[in-house]
Amino acid sequence: MKAIHTLTAFTLIALASTANAGALIEGFDDVTTLGGKGWSFINNSTSAGSNWFQGNDGIFSSQRGAANSYVSASYTSTNSLSGTISNWLLTPTLSLHGGETLSFFTRTEAVGSDDKAFADRLEVRLSRQGGSANVGSDANSLGDFSMLLTAVNSDLTPTGFPSDWKMFSVVIPDMKGLADARIGFRYWVTDAGANGSNGNYIGLDTISVVPVPSTLACLGLGLIGMAVRRRRQ
Amino acid sequence: MIAKQIAQNVALALALLGAPLAAQAAAEIIIVNADGPGEGFNDPTPVLPIGGNTGTTLGQQRLNAFQFAADIWSKQLTSAVPIRIKSNFDPLTCDKDSATLGSAGALLINRDFAGAPRANTWYHGALSNKLLGADDFEGEPVIRARFNSNLGQANCLEGGGFYLGTDGKHGKLTDLVGVLLHEFGHGLGFSNLTNGQTGKQQSNIPSSWDHLLYDLTTQKTWAEMTDAERVASGINSRKLIWRGANVTQASPKVLQAAPELRISGMASVAGLYQIGTASFGPQITNNGPTSEVMPVVDQADGRGLACEPLSTSNAQAIRGKTALIDRGACTFSVKVKNAQLAGAVAVLVADHTAGSPPPGLSGDDPTITIPSVRITKDDGDKLKLALKNRSRNRSGIFAALGISATQRAGADEQGRLLMFAPNPYQPGSSVSHFDTSASPDLLMEPFNTESVKRNLDAPFDLTFPLLKDLGW
């Protein structure tokens, strides 16, 4: 818990000083406002059902904030009795150049020992094609989001997805200069649907993209440098 | 000035056969036999005496049953003028699974007679004669009543004909005495003289019924409404009430506390829901179950019919919970039994046809031990939409089946009786009956129920209190 608090405090500082440099923090207080902030919802599941939706605190509470202040995807992403879920949530366009740390919290529902656990899987993917929301057109396609940053329960093991909030972090790879990019959260579950063996309900909360400390320092130095130049004129 | 009108243009050239039967009572009721030779009340088919009815022909047994019912009404009413009911057996609407048992109404109506409680208001002929204290119709029948001559025959509730005994032990048959009591009630005053389907009043004059029929939405009586408002009010399910003081005063003595379905846990669907109760399984009690709602899904289109034993996934979803199941493809009791076997503690059956209020769940299965209710299609759709935000085991939406602390079954929160106002409108039934949510069942509900009815007044029934409201 100490680590989480430290991270949050740091994130806030980073936001204040680097608002235009690709930083992001989202706590999902109101999922209906995400579209206006540049987020995209694309459900490529077999017989698409529900998009990502506001967390249901009747199932579990958020990692932080109000009880329902997280975003969810569920096995109702597909309307078919048996099909593949590929349900995307894309961040707004971010200016990244590599080295930033993406972190987020996720979990699934805790089930009793007598109940079958239905496996969930979350992929985090990156597109370097500016504001593109191209994730292809079917449940298997990736479109511009071919780069896999990380995956939670990549093997779809029944109990492989954390059943309590857990933080995941990944460093954005070097992009050789500033690039407009988007990060895609893909709820990807095969053999899902009402009769399927997999797919339950996941929550996603407190997503942040934080520039590395050296980036912050460079930006600060750059500002000072400009000031110096002006004084010389 | 005395104005009279023939309420129904019954241009039937029916022979009036048989001597009028007189009942010794506070109000004399006389049958005017309108059946032809050899039919209905004159049917010579030999029959054995049954259940207190000593008649030995079908026609005589029908007459005896009529007399028995007339005697019950006679004891309840007071009138110096004999009440003549023109009656016969006719083929009425029916099919394999449903039938019109009988129909009745005022043959003559009256207004602005001496002693009329309200000016410029129509009264049923029988009541106007009572209030006037004299026969304003010169011995003409004031009530018309018909009973279904085909009942029990092929394609007319086959095998389910009228029981002609007077002891009420009708078994699977339809108790004719109960049907007679009900239909006489309509003729005596328990029916609206205004057309609920068009909103039009007889000669643009309200009936005594219109003054006491009150819409909770518009907060107007039918006498105060326009035609269009009456049309809307006629389908304002469970928002149309009877405002007469006698009924309201008696209702707590007659009606049980109302069963209710309260949904909670998610603001978008929280609240009280209209329900139709089941004829099988336990009565809904004060300690009814409160549990999370989970849908059964076993069809490719997302519905859950539960006509077969539930899959492992569905069983896990509803174990210990309230199962939401769709109507269709098999009987209600099969669905509820499958949910019960999978561990559900209660069942909501969502209708597949639009309309309100939700009818009950018919059927029979003595092995069912969990409560179940029907909800409307609209409410089912609303719940299913909210339930999309669920996991395999939780929805965060809770259903409480219980007994209302403030409301009686069939009345509003102030004890005023709900009147039958289904959507769509049912000509011949809508507006002129108590609502089907009344419990225990009342004589003047639109559908014949299992319970035998021999009572007209509180604490067992509200038919006579309503007639008192009208002036009886």
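Just so we're on the same page: letters track the sequence lines, and every chain starts at 1.
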Do A:Val209 and A:Leu94 have side chains that approach each other closer than 4.5 Å (heavy atoms only, starting at C-beta)?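 Side chain of A:Val209 against side chain of A:Leu94, heavy atoms only: contact under 4.5 Å found.
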
Measure the shortest side-chain to side-chain distance between B:Thr277 and B:Leu361 over non-hydrogen atoms and say whether it is less than 4.5 angstrom.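 Side-chain contact under 4.5 Å: no.
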
Comparing B:Arg319, B:Gln316, B:Lys388, B:Met266 against chain A, the one with the most heavy-atom pairs below 4.5 Å turns out to be B:Gln316

Between [Y] and [X], do the side chains contain a donor N or O and an acceptor N or O under 3.5 Å apart?
X	Y	result
A:Arg186	A:Ser86	yes
A:Ser80	A:Thr78	yes
A:Ser103	A:Ser208	yes
B:Asp365	B:Thr367	yes
A:Ser95	A:Asp180	yes
A:Ser69	A:Asp29	yes
B:Asp215	B:Asn236	yes
B:Ser313	B:Ser311	no

Using heavy-atom distances under 4.5 Å, tell me whether [X] contacts chain A through its side chain, its backbone, both, or neither.
X	result
B:Glu292	side chain
B:Arg390	both
B:Asn314	neither
B:Thr312	neither

Testing B:Arg303, B:Lys335, B:Gln299, B:Lys384 one by one against B:Asp326 for a side chain to side chain donor-acceptor pair (under 3.5 Å), which residue passes?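 So the option named by the test is B:Lys384.
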
Select one option (side chain, backbone, both, neither) describing which atoms of A:Leu81 are under 4.5 Å from chain B's heavy atoms. side chain

Name, in order of residue number, those residues of residues 33-58 of chain A that have a heavy atom at a distance of less than 4.5 Å from a heavy atom in chain B; otherwise write 'none'.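 The residues closer than 4.5 Å to chain B, in numerical order, are A:Ser50, A:Phe53, A:Gln54, A:Asn56, A:Gly58.
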
Give the interface residues of residues 121-139 of chain A toward chain B, defined by a heavy-atom separation under 4.5 Å. none

Might you confirm whether atom NZ of A:Lys116 has over 12 heavy atoms from other residues, nucleotides or ligands at distances under 6.0 Å? yes

Salt bridge (Lys or Arg N to Asp or Glu O under 4.0 Å) between B:Asp378 and B:Lys382: does it pass, once the steps are laid out? CA-CA 6 Å; B:Asp378 283 354; B:Lys382 191 169 79 171; over 6 Å; no

Identify which of A:Tyr75, A:Phe60, A:Tyr201 forms the greatest number of heavy-atom pairs closer than 4.5 Å to chain B.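 Max contact count across the listed options: A:Tyr75.
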
